[in-house]
Amino acid sequence: MIDMERKHLVVMMEAGFIYLGMQKFKEAYQVFEGVVSLAPESDVPLVALGGVDFCLGKFASAVKWYKKALKIDPKSIFAKVYIGEALFFWGKKEEAMAMLEEVSREDAGGGAGDFAKALLDAIKQGFTPKMLAGFEGPKGGA
């Protein structure tokens, strides 16, 4: 294994996120896979790989990546919140809500906790994955 300084791994992760933002999914995936091989003890690039699959609509695969991240860090709050999100978009509403409620308790006032709470609120208001993704309007028209 190549020993790299953390700052170099951070730059690689940033490059992967730039590719992801540009919707260059193949390139983002390759960068994050590279970081996984360089930092196998880190959950962060595994969560990022799940993010690529989530963006591609591969929710089952995204959940697998997030669960791999949890094997490395069982307390990874970002892996947990993204599992909840992916489960919801995958159509597993009850499982999603349970995970999101757990995250909102564990990270109350934190970024992941706030995201979990916002998504839970949307679900409770009747939003569907398609509505949140912008594919259909709100219930009842307009």
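Glu27 has its side chain out of reach of Val31: every pair of non-hydrogen atoms, C-beta onward, lies at least 4.5 Å apart. Between Lys117 and Asp121, some side-chain heavy-atom pair lies under the 4.5 Å cut-off. Side-chain contact between Glu106 and Lys75 is absent, with no heavy-atom pair separated by less than 4.5 Å. Proximity of His8 to Glu5: side-chain heavy atoms (C-beta onward) are separated by under 4.5 Å at one or more points. Counting only heavy atoms from C-beta outward, the side chains of Glu95 and Met99 never approach each other to under 4.5 Å.
The closest donor-acceptor contact from the side chain of Tyr66 to the backbone of Gly50 lies under 3.5 Å. A donor-acceptor distance shorter than 3.5 angstrom exists from the side chain of Ser37 to the backbone of Gly34, with no hydrogens or angles considered. Panel note: side chain Asp107, backbone Ala112; a donor-acceptor pair is recorded below 3.5 Å.
By the 30° and 60° cut-offs, the orientation of the rings of Phe89 relative to Phe59 is tilted.
By the criterion of side-chain heavy atoms lying less than 4.5 angstrom apart, applied directly or through intervening Ile, Leu, Val, Met, Phe, Trp or Tyr residues, Leu56 is grouped together with Leu49 in one hydrophobic cluster.
What you find for Ala116 and Leu100 is that their closest heavy atoms are CB-O, 3.4 Å. Closest non-hydrogen pair, Leu70 versus Lys80, comes out as CD2-CG, 3.9 Å. Pairing each heavy atom of Val35 with each of Met13, the nearest pair is CG1-SD, 3.7 Å. Listed here is the closest heavy atom pair of Val63 and Ala86: CG2-CB, 3.7 Å. Asp53 approaches Ala62 most closely through the heavy-atom pair CB-N, 3.9 Å. When every heavy atom of Ala69 is checked against every heavy atom of Ala79, the shortest pair comes out as CB-CB, 4.0 Å.
Between Asp43 atom CG and Phe78 atom CZ the span is 10.0 Å, to the nearest 0.5 Å. Between atom CD of residue Glu102 and atom CD1 of residue Ile83 there is a gap of 9.0 Å, rounded to the nearest 0.5 Å. Interatomic distance, Glu41 CD to Asp73 CG, rounded to the nearest 0.5 Å: 11.5 Å. Rounded to the nearest 0.5 Å, atoms OH (Tyr82) and CG (Leu87) are 14.5 Å apart. In this structure, Lys71 NZ and Lys68 NZ are separated by 8.0 Å, a value rounded to the nearest 0.5 Å. Rounded to the nearest 0.5 angstrom, Leu120 CG and Gln125 CD are separated by 11.0 Å.
In this view, Ser42 and Ala39, Val44, Pro45 satisfy the side-chain contact (heavy atoms from CB on, under 4.5 Å) rule, not counting sequence neighbours.
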- Evaluate side-chain contact (heavy atoms from CB on, under 4.5 Å) for Phe115 paired with Glu85, printing each intermediate quantity in order. CA-CA 9 Å; Phe115 176 63; Glu85 179 187 37; 3.5 Å; yes

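Counting only residues at least two apart or on different chains, the ring-ring contact (aromatic ring centres under 6.0 Å, His included) pairs with a member in residues 20-50 are Phe17-Phe32.
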